[in-house]
Amino acid sequence: MQILFCSSEASPFAKTGGLADVAGSLPEALHELGCDVRIFMPLYRGVREKMPVLRPLGNSPRITVGPHDYQVFFWQGSTLSGIPVYFLEKDEFYDRSYLYGDPVRGDYEDNPERFITFSRAVRHVCEAAGWHPSIFHLHDWQTGPAAAYLRFNRPRDPRLAGSATVFTIHNIAYQGVFPAAFFPMLDLPPHTWSPRGIEYWGQCNLLKAGIVYSDFVTTVSPRYADEITTADFGFGLDGVLREREKDLKGILNGIDTKIWNPRTDAFLSKTYDENDLSGKKSCKLALLKRLEFAQDTFEFPLLGMIGRLAAQKGFDLLAQILPELMKLPVNLVILGTGDASIEQTIREKEKLFPNRLKFINSYDEQMAHMIEAGSDIFLMPSRYEPCGLNQMYSLRYATIPIVHATGGLDNSVTDILLCPESGTGFKFYKYEAQSFLEKIKSALELFSHSRKWEKMQKRAMAQDFSWTRSAKRYLAIYDQLLKQERTQQ
Ligand code: ADP
């Protein structure tokens, strides 16, 4: 099985969120299952530092994008385990400080050109590598046009015969919607400009292109797959997804269990495992000291929260409950960057409780590990959450999650109040501040029963969120698609 992963980011080369984790880890798991898998992504600024040895790949082709004829270069590197990674060099587009936009000025205006060019380059990179995959696994709106190019080229390009495309939606809120004036730049057949194609209320919707023109659509949890077919969660594409319901499946992301393993984690002052949780206590103490929490509160349960500061992540609920929450004997640490108004709100709250609420306003991987290990309880009140990784890290680090029962949060956490024998965390079912606060109170009550709490911690740690499990599910989809292609030929 030959699979090309096309993604606008992949860990460890370039990352802004969960997509990079998936595009970095899933290929590794597929490789271990015996697949010939390769990755294709843009050559951003910073990639060369992480990958000093890059070899040129093929000649430098010219790629037509609407009225433009761009000269591009391909480079080849590899992951630590030897998976080939192909990079598209076009400095004018990708050699920038950020991947998609400037935090102050917002998204780059030429994002349509940048990612239409990337999508266009998919066929060219296969040509340059002299390698023609049977599965093109495309991710998010940045590769939506590639689904259309592959669909329309397949009948006339023998190297695409028998191949299939899988398109994964990592977050349907990000759709790549651009003015109609960009349609000619896509060079797609005129009939694609229709509500059944790429058009979306008079604009170009690149995510929609991926949904409509790929052979199969996946998303990153079973619950989110259901949710996005509803008006509440579909961000306007629920109807389009309902039409593809039989080709739509949710597969829960895995986590990188080499990086996220409390038994071996080099970021921790002390490691631990399910047989001996004493190291976790040391991690908590180290974190409390480092962040200068008040010493007479060290015994309080420590609540942790990590993530992009975006409306999606439920910071509005947190802000509402904070006055009540901080009346309880708890400490709270928040790590995150993002929306300036959310940063401002948290900073103001921090001033009110300077010894018991700590806000670390940076992107800090070590601190993320220290918080996962050192906290007792992890908060993830996301309004919606396609999959979410932090709740899975928490479970593995015996940090009990309190989550809104949505998307991947619902699929990865078992409610202890409904399932006392198998529960791994707490869930609230209505997106409301009071429901969230009630669950925190329930968690604090159980926390005081240390034997019961420890039993739950051990159950949490034993959950299997390995990528191997998810990779087998993707492999089953690839297999099924290739069988269909063969019978159709
Ligand atoms: P999303 O993709 O919506 O941002 P996920 O939970 O799927 O959310 O993935 C977020 C990833 O980014 C996790 O690996 C998380 O630990 C990491 N992360 C987010 N914010 C920070 C931060 N400020 N510092 C360190 N890691 C962070």
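Indexing begins at 1, ligand by ligand and atom by atom, following the structure's order. From a predicted model like this one, the values you see are computed outputs, not experimental measurements.
Among the atoms of G17, none of the N or O lies under 3.5 angstrom from an N or O of ligand 1. Not one N or O of A368 is nearer than 3.5 Å to an N or O of ligand 1, by distance alone. No N or O atom of W260 sits closer than 3.5 Å to an N or O atom of ligand 1. When only interatomic distances are considered, the shortest N/O to N/O separation between Q312 and ligand 1 does not fall below 3.5 Å. Considering both main-chain and side-chain atoms, T16 never comes within under 3.5 Å of ligand 1 through any nitrogen or oxygen pair.
If you check which protein heavy atom lies closest to atom 15 (C) of ligand 1, you get N390 ND2, 3.5 Å. In terms of protein heavy-atom proximity, atom 24 (N) of ligand 1 is nearest to D364 N, 3.0 Å. In terms of protein heavy-atom proximity, atom 27 (C) of ligand 1 is closest to Y363 CE1, 3.4 Å.
Using 4.0 Å as the threshold, K15 has a heavy atom nearer than that to some atom of ligand 1. At least one heavy atom of S362 sits less than 4.0 Å from an atom of ligand 1. The closest approach between C387 and ligand 1 stays at or above 4.0 Å for every heavy atom of the residue.
A 4.5 Å side-chain heavy-atom check between L43 and F13 finds every atom pair outside the cut-off. With a 4.5 Å cut-off on side-chain heavy atoms, M41 and Y44 count as touching.
F40 pairs in a ring pair (Phe, Tyr, Trp, His ring centres under 6.0 Å) with only one of the listed residues (F118, F87, F136), which is F118.
Relative orientation of the Y397 and Y272 rings is perpendicular, given thresholds of 30° and 60° on the angle between their planes.
When the heavy-atom distances from atom 8 (O) of ligand 1 to H170, K313, R308 are ranked, the shortest goes to K313. Nearest residue to atom 2 (O) of ligand 1 from G338, A310, G18 is G18 (criterion: closest heavy atom).
Looking at every heavy atom in both residues, M456 comes nearest to G423 through CG-O, 3.7 Å.
Which parts of ligand 1 touch D21 is read off a 4.0 Å heavy-atom cut-off, strictly below it: atoms 11 (C), 14 (O). Within ligand 1, the atoms closer than 4.0 Å to a non-hydrogen atom of G336 are 23 (N), numbered from 1 in the order shown.
For K249, the NZ atom counts as loosely surrounded, since its 6.0 Å shell holds 12 or fewer non-hydrogen atoms of other residues, nucleotides or ligands. Counting heavy-atom neighbours within 6.0 Å of L80 CG, excluding the residue itself, gives a total of 12 or less. Within a 6.0 Å sphere centred on NZ of K430, other residues, nucleotides and ligands contribute 12 heavy atoms or fewer. Within 6.0 Å of CD in Q366 there are more than 12 heavy atoms belonging to other residues, nucleotides or ligands.
Contacts with ligand 1 closer than 4.0 Å are made by heavy atoms of both the backbone and the side chain of L389.
Judged by a 6.0 Å distance limit and a 45° cone about the ring axis, K313 is not positioned over the six-membered ring of F315.
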